[in-house]
Amino acid sequence: MILGIESSCDDSSVALLRIDDLAQILHKKISQEEAHSVYGGVVPELAARLHTQALPALLNDIKPYFKQIKAIAITNEPGLSVSLIGGVSMAKALSISLKIPLIAINHLVGHIYSLFLGNEIALPLGILLVSGGHTMVLDIDENKNISIIAKTTDDSFGESFDKAAKMMGLGYPGGQIIGNYARECKDKDRFSFTIPLLGDKRLEYSFSGLKNQVRLQIQSLENLTQKDISDISFAFEKTACAHIMDKLKRIFNERKFKRFGVVGGASANPVLRDSLKDLCKNSNCELLLAPLEFCSDNAMMIARAGREKFLNDEFTCYKDLKISPKTSKLRL
């Protein structure tokens, strides 16, 4: 089996994936959402302390399988440095004690493999990656080479939901909270926000202007009611998803994808998923969706990416395994 360990942000997770048939043997995750909710976002120092508690606790579930583990796949980039170091430290300790090799995994590459947890990867492939830290469109060719077609110049898609929720005092994480309020909206035409970069020929995303529109709308209301929150949430979610789709439609007009996948924590957004289903159907393109359980950060996707590297003998020396808050060149 491959042992996967994930601690790049505010989720501590471990997973066991069988090498031969990709069977998911074990998946455990401890979320810190409740602890960070009162602050409206992730507090790095708090995240680091909670990882030091959660990771050893998760390790107890792995102990019965120690003799069957052939390698440890560990997220080492990108992410919060203070969070990454917790998982990497545990991986190194296990590598020494169990005498098994380490495999360094880029967190974003792990998300791509969340589409193929139970089967072999299918290429070529287009990818929309939307999360709390990243928003980008990728093109992956038959040889696993990854090129970035578009990315955000400021806030990410998921981050914009978190910040909009924080401005309305709704807690963290913002994606599901905003979505729930949006579904309660009865007056869908009450507020209207401008779609960012609409008509702009640049293939890039920007959510800072939309976030500012939300801020100004909130400030214009004397007392924010539940109805106000629902109506603003609906308008914001609608516009944020429309921004994603506006650029994607241009990309689909310029490129022909045989298959296209959406990954990352924010890929669970139902409005975005429905829009992508329509786009891919009209473009005669197969849409790939990760199971909802594995859209957010998890160790199973890290183990799956690690299994690929294991088969290709791509191991990382103990001394060379470093953490990095930013991503290096993406490679499958």
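The aromatic ring centroids of Phe161 and Phe236 lie less than 6.0 Å from each other.
Closest approach of Gly110 to Ala305, counting heavy atoms only: CA-CB, 4.3 Å. Looking at every heavy atom in both residues, Val82 comes nearest to Ile85 through O-CG2, 3.4 Å. Taking each heavy atom of Ile103 and Gly306 in turn, the nearest pair found is CD1-O, 3.4 Å. Minimum interatomic distance between Ala104 and Leu321 (heavy atoms only, all atoms of both residues): CB-CD1, 3.7 Å. In plain terms, the two heavy atoms of Ser206 and Pro196 that are nearest each other are O-CB, 3.2 Å. His27 approaches Ala299 most closely through the heavy-atom pair NE2-N, 4.1 Å.
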Taking only distance into account, with no hydrogens and no angle test, what donor-acceptor pairs under 3.5 Å do side-chain atoms of residues 270-278 form with protein atoms, sequence neighbours excluded?
residue : atom : partner : partner atom : Å
Arg273  : NE   : Ser267  : O            : 2.8
Arg273  : NH2  : Ala290  : O            : 3.0
Ser275  : OG   : Val271  : O            : 3.0

Show the atom names and distances, to 0.1 Å, of all donor-acceptor pairs under 3.5 Å that link a side chain in residues 72-79 to residues at least two apart or in another chain.
residue : atom : partner : partner atom : Å
Thr75   : OG1  : Glu6    : OE1          : 2.6
Asn76   : ND2  : Lys322  : O            : 2.9
Glu77   : OE1  : Ser328  : N            : 3.4
Glu77   : OE1  : Ser328  : OG           : 3.4
Glu77   : OE2  : Asn106  : ND2          : 3.2
Glu77   : OE2  : Ser328  : OG           : 2.6

Under 3.5 Å donor-acceptor pairs involving side-chain atoms of residues 114-128, not counting sequence neighbours:
residue : atom : partner : partner atom : Å
Ser114  : OG   : His111  : O            : 2.4
Glu120  : OE1  : Arg307  : NH1          : 3.1
Glu120  : OE2  : Arg307  : NH1          : 3.1
Glu120  : OE2  : Arg307  : NH2          : 3.1

Side chains of residues 64-71: which donor-acceptor partners sit under 3.5 Å, not counting sequence neighbours?
none

Below 3.5 Å, can you tabulate the donor-acceptor pairs from side chains in residues 166-185 to any protein atom, sequence neighbours excluded?
residue : atom : partner : partner atom : Å
Tyr172  : OH   : Asp10   : OD2          : 3.1
Asn180  : OD1  : Arg183  : NH2          : 2.4
Asn180  : ND2  : Gln176  : O            : 3.3

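The ring pair (Phe, Tyr, Trp, His ring centres under 6.0 Å) test applied to His134 returns no partner, not counting sequence neighbours. Here Tyr205 pairs with His243 under the ring pair (Phe, Tyr, Trp, His ring centres under 6.0 Å) rule; sequence neighbours left out. The ring pair (Phe, Tyr, Trp, His ring centres under 6.0 Å) search around Phe234 returns none, not counting sequence neighbours. With sequence neighbours left out, Lys211 forms a salt bridge (charged side-chain N to carboxylate O under 4.0 Å, His left out) with Asp155. Residues passing the ring pair (Phe, Tyr, Trp, His ring centres under 6.0 Å) test with Phe252 are Phe257, Phe260, sequence neighbours excluded. Contacts of Ser37 classified as side chain to side chain contact (heavy atoms under 4.5 Å, CB included), with partners at least two apart in sequence or in another chain: none. For Glu237, there are no salt bridge (charged side-chain N to carboxylate O under 4.0 Å, His left out) partners, not counting sequence neighbours.
Taking a cutoff of 4.0 Å between a charged side-chain nitrogen and a carboxylate oxygen, Arg190 and Asp228 qualify as a salt bridge. Of the charged side-chain nitrogens involved, at least one lies within less than 4.0 Å of a carboxylate oxygen, so that Asp200 and Arg202 count as a salt-bridged pair. Here Lys144 pairs with Glu308 in a salt bridge; the nearest charged N to carboxylate O distance falls below 4.0 Å.
Heavy-atom neighbours of Glu34 CD from other residues, nucleotides or ligands within 6.0 Å: at or below the threshold of 12. At most 12 non-hydrogen atoms from other residues, nucleotides or ligands lie less than 6.0 angstrom from CD of Glu222. Residue Lys92 places its NZ atom among more than 12 non-hydrogen atoms of other residues, nucleotides or ligands, all under 6.0 Å distant. Lys29 NZ: more than 12 foreign heavy atoms inside a 6.0 Å radius. When the shell of 6.0 Å around CG of Asn282 is examined, it contains more than 12 heavy atoms from other residues, nucleotides or ligands. Atom NZ of Lys227 has more than 12 neighbouring heavy atoms from other residues, nucleotides or ligands inside a 6.0 Å radius.
Leu84 is not connected to Ile302 by any chain of hydrophobic side-chain contacts under 4.5 Å among Ile, Leu, Val, Met, Phe, Trp and Tyr, and they are in different clusters.
A side-chain donor-acceptor contact under 3.5 Å links Arg215 and Asn212.
Interatomic distance, CZ of Arg18 versus CG of Asp21, reported as 4.0 Å (0.5 Å rounding).
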